[in-house]
Amino acid sequence: MNESDTELIERMLREWNEGNVDALVEIFDPEVEVRPALSTFLASMVYRGHEGIRRWYAETNEPWAELQAEPERFIDAGERTVVIIALHARVPGGRIDVGARIAHVVTIHDGRIVRLDGFDEPDAALAAAGLTEQAEAS
């Protein structure tokens, strides 16, 4: 696994958590395609380009008072990287916290994310990346 790829994914999650959408957009290729995890909560199933990144961020964060994504593990999948993510969210009013584990399969080319496929279950991401042995072990 390329260390610079891991650093780019960590930076993406940091900018996401800090709400720095302009810096977040710059991490992605102008022709990026994002298929998000938690798609049942989102209006769009595929987000394309930099405007798509802005919509993805807005639609994902809209129902939450707070939403944080913390990387737990990075897994080399050849030309892609699987990142297991712990989500921590708080509903408006601040009395209920929600936690979940999701995963992204990330493709990076020339220092930018060109594709991000999100999965509601980490095992599904591992299987999609061809890492079925690791999916069975987890």
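Nearest heavy-atom pair across Pro92 and Pro63 is CD-O, 3.4 Å. Across all their heavy atoms, Gly19 and Tyr57 have their closest contact at CA-OH, 3.1 Å.
Hydrophobic clustering (side-chain heavy atoms under 4.5 Å, transitive across Ile, Leu, Val, Met, Phe, Trp, Tyr) keeps Leu13 apart from Val114.
The shortest side-chain heavy-atom distance between Val105 and Leu116 does not fall under the 4.5 Å cut-off. Contact of the Tyr47 side chain with the Arg35 side chain is not registered, since no non-hydrogen atoms from C-beta on lie closer than 4.5 Å. Two residues are said to be in side-chain contact when any heavy atoms from C-beta on lie closer than 4.5 Å; Thr81 and Ile108 fail this criterion. No side-chain heavy atom of Ile113 sits under 4.5 Å from any side-chain heavy atom of Asp29. Side-chain contact check for Val34 versus Val46: every heavy-atom pair is 4.5 Å or farther apart. Under the 4.5 Å side-chain criterion, counting only non-hydrogen atoms from C-beta, Trp64 is in contact with Val98.
Shown here is Glu15, whose CD atom has more than 12 heavy atoms of other residues, nucleotides or ligands within 6.0 Å. Heavy atoms from other residues, nucleotides or ligands lying under 6.0 Å from CD of Glu31 number 12 at most. Annotation for Glu72: atom CD counts as buried by contact number, over 12 foreign heavy atoms lying within 6.0 Å.
Screening His50, Arg54, Glu26 for a side chain to side chain contact (heavy atoms under 4.5 Å, CB included) with Val21, the sole residue that qualifies is Arg54. Here the options are Ile84, Val83, Val82, Ile9, the test is side chain to side chain contact (heavy atoms under 4.5 Å, CB included), and the partner is His104; only Val83 passes.
Under the 30°/60° scheme for interplanar angles, the aromatic rings of Trp16 and Trp56 are found to be tilted.
Looking at Asp123 and Arg101, no side-chain N of the basic residue comes within less than 4.0 Å of a carboxylate O on the acidic one, giving no salt bridge. Residues Asp110 and Arg112 are not paired through a salt bridge, judged by the lack of any N-O separation under 4.0 Å between the basic side chain and the carboxylate.
By the side chain to side chain donor-acceptor pair (under 3.5 Å) test, Arg80 is found to be paired with no residue, residues two or more places apart in sequence or in another chain being considered.
To the nearest 0.5 angstrom, Glu121 atom CD is 11.0 Å from Leu126 atom CG. For the atom pair CG (Leu67) and NE2 (His88), the distance works out to 10.0 Å, reported to the nearest 0.5 Å.
A donor-acceptor pair under 3.5 Å links the side-chain atoms of Gln68 to the main chain of Asn17, judged by distance alone.
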* To do: Decide side chain to side chain contact (heavy atoms under 4.5 Å, CB included) for Val106 and Asp5; before the verdict, give the C-alpha distance in whole Å, the side-chain angles of both, and the deciding distance to 0.1 Å.
  => CA-CA 9 Å; Val106 182; Asp5 289 356; over 6 Å; no
